Amino acid sequence: MKSPWGKVRIGATEWEIVKDEHGLSHGMFGTTDHREGVIRLAPGLEHWQTRLSAMHEILHALSLSLWPGGDEDELTEKQIVGLSTVFVSFIRDNPEFARWLVDVC
Ligand SMILES: [Zn+2]
């Protein structure tokens, strides 16, 4: 299975996803640092935890790319927790549709 670590493009910016103890924060398993463009995920997680945490932090980064000023339209933590869970489930339950979404014509 391919690892999530490395560079990803989120909006107009390239981010780095790294494994880092500092990913452990406030009972969560990841952090999003928009100043450095780094998503940190805690090491030693179960695969499903890493997957959900990665999607959670990516949604934070997407929210920051849409509303960089952090205004009131930014996604809330509650919305990100819910969306990351249903989005990962949707992709897992519909791999053909997910492949179709990313298929380059
Ligand atoms: Zn969060």
Side-chain angles (χ1 to χ4, degrees):
M1 185 153 306
K2 190 166 187 225
S3 135
W5 321 116
K7 305 266 186 199
V8 293
R9 177 160 296 282
I10 298 174
T13 308
E14 190 169 81
W15 288 67
E16 188 170 7
I17 300 179
V18 300
K19 195 183 300 187
D20 188 325
E21 292 288 346
H22 292 102
L24 282 169
S25 162
H26 310 294
M28 301 300 290
F29 301 124
T31 61
T32 300
D33 184 336
H34 69 281
R35 290 189 193 116
E36 293 183 29
V38 176
I39 290 173
R40 294 180 172 84
L41 299 175
L45 301 177
E46 296 289 333
H47 179 67
W48 66 269
Q49 290 174 309
T50 301
R51 188 185 300 189
L52 275 179
S53 298
M55 185 53 62
H56 181 104
E57 300 309 326
I58 285 167
L59 286 172
H60 273 300
L62 284 166
S63 181
L64 287 166
S65 81
L66 287 170
W67 301 287
D71 65 21
E72 62 193 29
D73 291 332
E74 185 178 351
L75 292 172
T76 65
E77 186 67 18
K78 182 178 179 181
Q79 290 169 328
I80 286 177
V81 167
L83 285 170
S84 58
T85 303
V86 296
F87 191 64
V88 168
S89 293
F90 176 79
I91 291 172
R92 189 181 56 231
D93 293 343
N94 300 283
E96 297 274 327
F97 186 84
R99 275 190 285 277
W100 174 80
L101 277 176
V102 299
D103 190 23
V104 178
C105 298

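All ligand and atom numbering here is 1-based and tracks the order in the structure. One is the number of the first residue; the rest follow in order along the sequence. Keep in mind the model is a prediction, meaning the values are calculated, not measured.
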Under 3.5 Å donor-acceptor pairs involving side-chain atoms of residues 83-97, not counting sequence neighbours:
unit_1	atom_1	unit_2	atom_2	d
Ser84	OG	Ile80	O	2.9
Ser84	OG	Val81	O	3.1
Thr85	OG1	Val81	O	2.9
Ser89	OG	Thr85	O	3.0
Asn94	ND2	Phe90	O	2.9
Glu96	OE2	Arg99	NH2	3.3

Side-chain donor/acceptor pairs under 3.5 Å, residues 53-61, sequence neighbours excluded:
unit_1	atom_1	unit_2	atom_2	d
Ser53	OG	Gln49	O	2.7
His56	NE2	His60	NE2	3.2
His56	NE2	Glu77	OE2	3.0
Glu57	OE1	Thr32	N	3.3
Glu57	OE1	Thr32	OG1	2.5
His60	NE2	Glu77	OE1	3.0

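Closest approach between the Zn ion (ligand 1) and any N/O/S atom of His60 involves NE2. Closest N/O/S atom of His56 to the Zn ion (ligand 1): NE2.
For the Zn ion (ligand 1), the set of nearby N, O or S atoms under 2.8 Å includes one belonging to Glu77.
By the 4.5 Å heavy-atom criterion applied to side chains, Val38 and Asp20 are not counted as neighbours.
Pairing each heavy atom of Gln79 with each of Thr76, the nearest pair is OE1-N, 2.8 Å.
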